[in-house]
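Note sheet for the following structure.
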Amino acid sequence: NPYAGLVSRLRAAWLSGKTRPVEYRVGQLEALGRFLVEKKQDILEAAALDMGKPSFEAYFTEILLCKNELNGTLNNLSHWMKDEHVDKNLVTQLDSAFIRKDPYGVVLIIAPWNYPIHLFLVPLIGAIAAGNCVVVKPSETTKNTERLIAEMLSCYLDNDCFAVVTAGVQETTRLLENKFDYIFFTGTPSVGRIVMTAAAKHLTPVTLELGGKNPCYVSDVCDVQNVARRVAWGRFFNAGQTCIAPDYVLCSVEMQEKLMPALREAITEFFGSNPRESPDFGRIVGDKQFRRIRALLCSGRVAIGGQTDEKERYIAPTVLADVLPSDPAMQEEIFGPILPIVVVANMDEAIDFINARPRPLAVYAFSCDSKVVNQVLERTSSGGFCGNDTLMHVTLTSLPFGGTGNSGLGKYHGKFTFDTFTHHRGCLHRNMGLEALNSLRYPPYTQQKLGLLTATFEIKRKGMCTLL
Amino acid sequence: MERMQQVVSSARAAFNSGRCRSLEFRMQQLKALERMVQEKEKEILAAIEADLHKCGHNAYSHEILGVLGELALAMDKLPSWAAPQPVKKNLLTMRDEAYVCPEPLGVVLIIGAWNYPFVLVMQPLIGTIAAGGDPPQPLSFLEERSRRAEQPCCACLAGNAVVVKPSEISENTAQLVADLLPQYLDRELYPVVTGGVPETTALLTQRFDHILYTGNSTVGKIVMAAAAKHLTPVTLELGGKSPCYIDKDCDLAVACRRITWGKYMNCGQTCIAPDYILCDPSIQSQVVENIKATLQEFYGEDVKSSPDYERIINKRHFKRIVGLLEGQKIAHGGQTDEASCFIAPTVLTDVSPESKVMEEEIFGPVLPIVTVKSVDEAIEFISRREKPLALYVFSNNKKLIKRVISETSSGGVTGNDVIMHFFLSTLPFGGVGNSGMGAYHGKHSFETFSHSRACLIKDLKMEVVNKLRYPPGCQKKVDCAKFFLLKRFNKGRVGLAILALLGIVVAVVIKVSFG
């Protein structure tokens, strides 16, 4: 077991209690803040080298959103750490009842390549805030960022308690043989299953942030140009390599007709007449992924874009019209800059279409009629939902971010990250005195005792109990 | 296998039909459960007595009382638990609606245990039925949005469907549950599956949307591995050796009485029973004397003939527990009778940490005392072992109790008593590490069995503000984005109004510069 030494070293550090005091946690979090500031240029450069990420996008997701999380956590940490006192019943009135926020111990964070800094840093912030020791396994696909994290993080964080492991598939499998006290994984459902199976061997709780095909319903009643802009923005951000990107559009044949020129206009507004030359449009991360996405182009008909360049791993912002449910583009999560439009007769058909498929990470609905938006919300299930826009619900840290069913389990962002890496321990601190009251519960049991016990224990429906 | 497939798919079809959309339906089911418990009380108590030799009073207070309480709580709180929760917004989402909507998960599997066979199936069932569904109307917090024709209703599909699998070891209660539930509840939504290991294994190959398992760690791992194939979230209520530290500075008579109650109730077959005692050698004999005296108070001279003392569930466990007594110093008790699965309340002294009785969860009426010289040694002893489901510490010194809690980990804690944290439903009940994952009781059940769906509803207008984020990018846009995202507003209403005004001004400015 090549990582046994590392894990036991971290466990020893954990048992020493080093990571628990609030001052220590704040110190480490502030160091992460300095990392984001001092290494900003390196981060942006690595992002550009790894996948041609436009600097605006890289700054927004890898720096800005992370700083947001960091500041929110630092501002609220001592409040989150406090014992949470709970309402008591009659029997425990004189006791102290609270939920203690205990760290789990040694936790593992496995991050993917599409937002390589953000998707390890935001969980890390919560894990440190909760008082854990952490092993970080960044993605091996984005090599420059992986190197940056491995080399730089140790200069900022306490190496006794935090480690970065660079590993490919084989090594990660070995890493997962070790016992961790929590595992946080972001990636595909198939690898999610492997991670959870490995976790089961040690009864390790997990959070799995997975993916799926996020449907985007566009009703006939809407401001077409605004819809086109918002959908195009969500789809082509990071060249489509976003777990919550609108994966496909469901709309009527008339709306498809109207959307096409609007989408064309939006794409031109964003990226100019030749997106290949725009500094604001990204590239596919690797050759394997490029080939996979390119193969999806033979679905429906290419209405916009469709150009590709293998050397650059460039796939133009593409919209496919009249796509059928049986087409390749509808068989897997696209994770690329291709937007298929599937025609449905009406909203009910759209909802049935969505419900016949595994639960996605996000559902989007566009309509000027709020009833339509609410119907789609009510009658579908997904990790999250955004009406009349795409992606934005994850920038609000007071909303939990996570999947359901095939798109994942658990949630994070903001306080939810802290809670993810915390064991909520129910504590009751009783009085040594007043033993007489306890006699109700002791044997020998009598009908009288039971009657009294029932009266003190029972929760009565409001409006039915005269005593309380 | 086929039968399981059929049961689960018909439950799923029933769930998908949406027939339990409404709050009313779920309330109706919960009320029906309440009626069942009240009308069939005799039958339930008789089944528990047959399984565990538990007298009516005991069974009522351990199993029925808790269920009635949980039902009353659920019915009272359901409207507020099911309501969408608005969340704090940032400047960018100021004009939008942002809330968390609790939704049902789908088909939930509840696997019960044999030691409290009724409550360990009923309590999760209550939470599962309650979770999800339509919130009450109207949603007053959204009433101010007058320009909306109709208030958004964060309704979800049905409440969950539940497959109940009671433990086959407590066979009388299992059969009763299988008979009663279909008489009171919707048959397709809440089927009961009876059977042993082969049936449970077949059931676990099916896809569920959540599994709650109560039992031991070994089977817990099997359940989680099966769940992993379908990415099914799990709540595992397992066990472990719950330590009980008695400080020198404490009222020993009181402490020992409370410990005796918690240890020997249900003949020691309680997941949160104090498994073993840690104390200073100087008080060991006093502890034994106090326990002896309390046992006399509780069960009289002849424990075997006390109607208030239970029996071991079956011969296999009887033999297992008797095996733990081998080579031990029996300070009290030790009498056994295989024919009736009777084991007397037993106390062992000067127990070695390496002995068999200190290796596995005892789950029987045998109480080992391990001596430690100080609280430091006790803390170290506890921390070296797997995290237990419960931890107990008795002391007059509040600081010492606080220290023990802070320097150890466990599912839950009761200070100066045992078991009692289980009865306060505002406390989450669950394990950590080897003792389990997830929690339930009260509102925690509701949260366990629902999905917290993040919802952001924006306007299709006000497109101007969005221009900040659209390409082509530039430094000015980045600076504006920073302002909108990093500023939080936790000012009062006046602050909100000013920010709203500011937002409009900024929007106009943006339109002019970028428009």
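Note on naming: letters A, B, ... go to the chains in the order of the sequence lines (proteins, then strands), and numbering restarts at 1 for each one.
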Residue [X] versus chain A: region with a heavy atom under 4.5 Å:
X: B:D209; value: side chain
X: B:Y470; value: both
X: B:E407; value: neither
X: B:A390; value: neither
X: B:A225; value: both
X: B:E386; value: side chain
X: B:M224; value: both

B:H421 side, atom NE2; B:L427 side, atom CG - distance, nearest 0.5 Å =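 Reported to 0.5 Å precision, the distance equals 8.0 Å.
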Ring geometry between [Y] and [X] (parallel below 30°, tilted from 30 to 60°, perpendicular above 60°):
X: A:F98; Y: A:H85; answer: tilted
X: A:F60; Y: A:F237; answer: perpendicular
X: B:F422; Y: B:F429; answer: perpendicular

key: Between A:S439 and B:R257, a side-chain donor and acceptor under 3.5 Å   =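 Side chains of A:S439 and B:R257: no pair found under 3.5 Å.
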key: Pairs of heavy atoms under 4.5 Å with chain B: top-ranked of A:L203, A:V86, A:L409, A:D95   =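 Winner by heavy-atom pair count: A:L203.
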ask   = Can you tell which of A:G383, A:P400, A:S382 has the highest number of heavy-atom pairs within less than 4.5 Å of chain B?
value =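 If we count pairs closer than 4.5 Å to chain B, A:S382 comes out on top.
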ask   = Checking heavy atoms, do the side chain of A:D181, its backbone, both or neither come under 4.5 Å from chain B?
value =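 Contact with chain B is through the side chain of A:D181 alone.
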task = Sort out for me which of B:S395, B:G436, B:S406, B:G431 touches chain A most, counting heavy-atom pairs under 4.5 Å.
result =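 Ranked by contacts with chain A, first place is B:S406.
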task = Flag the one option from B:V223, B:I401, B:D251 with the top tally of heavy-atom pairs under 4.5 Å to chain A.
result =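 Option with the greatest count: B:I401.
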inquiry  = Quick test of your reading of the model: are A:D389 and B:R469 salt-bridged, counting only N-O distances below 4.0 Å?
reply    =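 A salt bridge is present here (some side-chain N lies under 4.0 Å from a carboxylate O).
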